[in-house]
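Take a look at the structure set out below.
In what follows, every chain begins at residue 1, and chains take the letters A, B, ... in the order their sequences are listed.
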There are 2 protein chains.
Amino acid sequence: MTASGHSPKRSAEKLADLTERLRRQSRKVTGPRQALLDLLRQQSHPLAIREIFAALPAGISDLATIYRSMHLLEQMRMVKRFDFGDGAARFELVPEGEDGHHHHLVCTRCSVVLEIEECFPEHVERSLAQTSGFQGITHRLEFFGLCPECQTTKSI
Amino acid sequence: MTASGHSPKRSAEKLADLTERLRRQSRKVTGPRQALLDLLRQQSHPLAIREIFAALPAGISDLATIYRSMHLLEQMRMVKRFDFGDGAARFELVPEGEDGHHHHLVCTRCSVVLEIEECFPEHVERSLAQTSGFQGITHRLEFFGLCPECQTTKSI
DNA sequence: TCCGATTTTGCAAACGATTTGCAATGAAAC
DNA sequence: GTTTCATTGCAAATCGTTTGCAAAATCGGA
């Protein structure tokens, strides 16, 4: 488990490598995309679109462009989508060569995020495949709770 | 694991008991709520709001009312909310006395739902609590894959 | 280095799920 | 029955996300 508050990304990748990945798939390396990748690269926890939009210098990009970029980067497996149940998708950069599969423990009050490396359901997927006949089984799993910090500040 | 397509609910509860539960918490037993509970009781898989709305006899209820009812029933722990990642919340009746905790295996194509009784992450929550200091840890876990039926019909 | 073919962008409008304000209705207690 | 408070229906608002479209930007080749 890794606190991801403001620590360096567990597998930082140089921005050059990222734009190179775009080029490799013959996608254009534009200003908005560079800014987006640069931002994601320095983050260590999943970012919501609105957070990305707010974090980017004013005028650098547009909400629709960010949404479109996230779809593209998701298809290219450069980012992974997470759902913390608040209705907003969150995205995290996937280190090249890895699948970036992991889960989170999210504070239900302050939204601080811990990264959990182990994947418990993984060994279960095979057994599910056997008993259910389903193919290509994947899963979404997130944990929620009250972080130590929030336990001490009991007021709203 | 239990196929929940159209089989009887694993722990069916008489409608009388349900309305009684409402009364116990001094909530009014109104027509729309009776219809809603009645509908949920005969279902064996989570229903989306729009499905509920469509299934109820025309004019019986209104979307806003259903949304409000689901919030109320969720607070009363009479229903549990599930998220299959398609942007629509789904609700399932919780048998009285149980917490209704379980997970699903959802076909990514036809949306058929299998219910999974075992809860793998449960024993992990305690260890997470130890290492993270979080309190009241819960989790959301759903599995996705292609059901046997859909594997044979390869076309879109 | 300029050009044309193709992508990508910004803006605004559209969308689907959900929430809310408010006046009318309904349920339950006196 | 009347009073009181919760509940409903309807319409409008909100939020996250998607889409149409014309303008701007990128890239490979002349």
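- A sub-4.0 Å separation between OP1 or OP2 of C:dT7 and a side-chain N or O of A:Arg33 is absent.
- Residue contacts for B:Ala48: at a heavy-atom cut-off of 4.0 Å it reaches no nucleic acid atom on any strand shown.
- Checking D:dT18, C:dA27, C:dG10 against the side-chain heavy atoms of B:Thr30 singles out C:dA27 as nearest.
- Of the candidates C:dT9, D:dG16, C:dG10, the closest approach to any side-chain atom of A:Asp62 belongs to C:dG10.
- In this model, the phosphate group of C:dG10 is approached by a side-chain N or O of A:Ser61 to a distance below 4.0 Å at OP1 or OP2.
- Contact annotation: A:Arg68 side-chain N/O to C:dT8 OP1/OP2 distance is not under 4.0 Å.
- Distances shorter than 4.0 Å separate none of the side-chain N or O atoms of B:His71 from OP1 or OP2 on C:dT18.
- Checking A:Arg50 against A:Ala64, the closest nucleotide of DNA chain D that is more toward the 5' end is the one next to A:Arg50.
- Residue pairs meeting the salt bridge (charged side-chain N to carboxylate O under 4.0 Å, His left out) criterion with at least one member in residues 127-148 of chain B, sequence neighbours excluded, are A:Asp83-B:Arg140, B:Asp83-B:Arg140.
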Table please: side-chain donor-acceptor pairs of residues 57-64 of chain A below 3.5 Å, with sequence neighbours left out.
residue: A:Asp62; atom: OD1; partner: A:Ala64; partner atom: N; Å: 2.8
residue: A:Asp62; atom: OD1; partner: A:Thr65; partner atom: N; Å: 3.2

Can you check salt bridge (Lys or Arg N to Asp or Glu O under 4.0 Å) on A:Glu74 and A:Arg81, steps first, answer last? CA-CA 7 Å; A:Glu74 208 182 353; A:Arg81 173 189 301 254; 3.0 Å; yes
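- In this pair, B:His139 and A:Phe143 present their aromatic rings tilted. The plane angle is within the 30 to 60° band.
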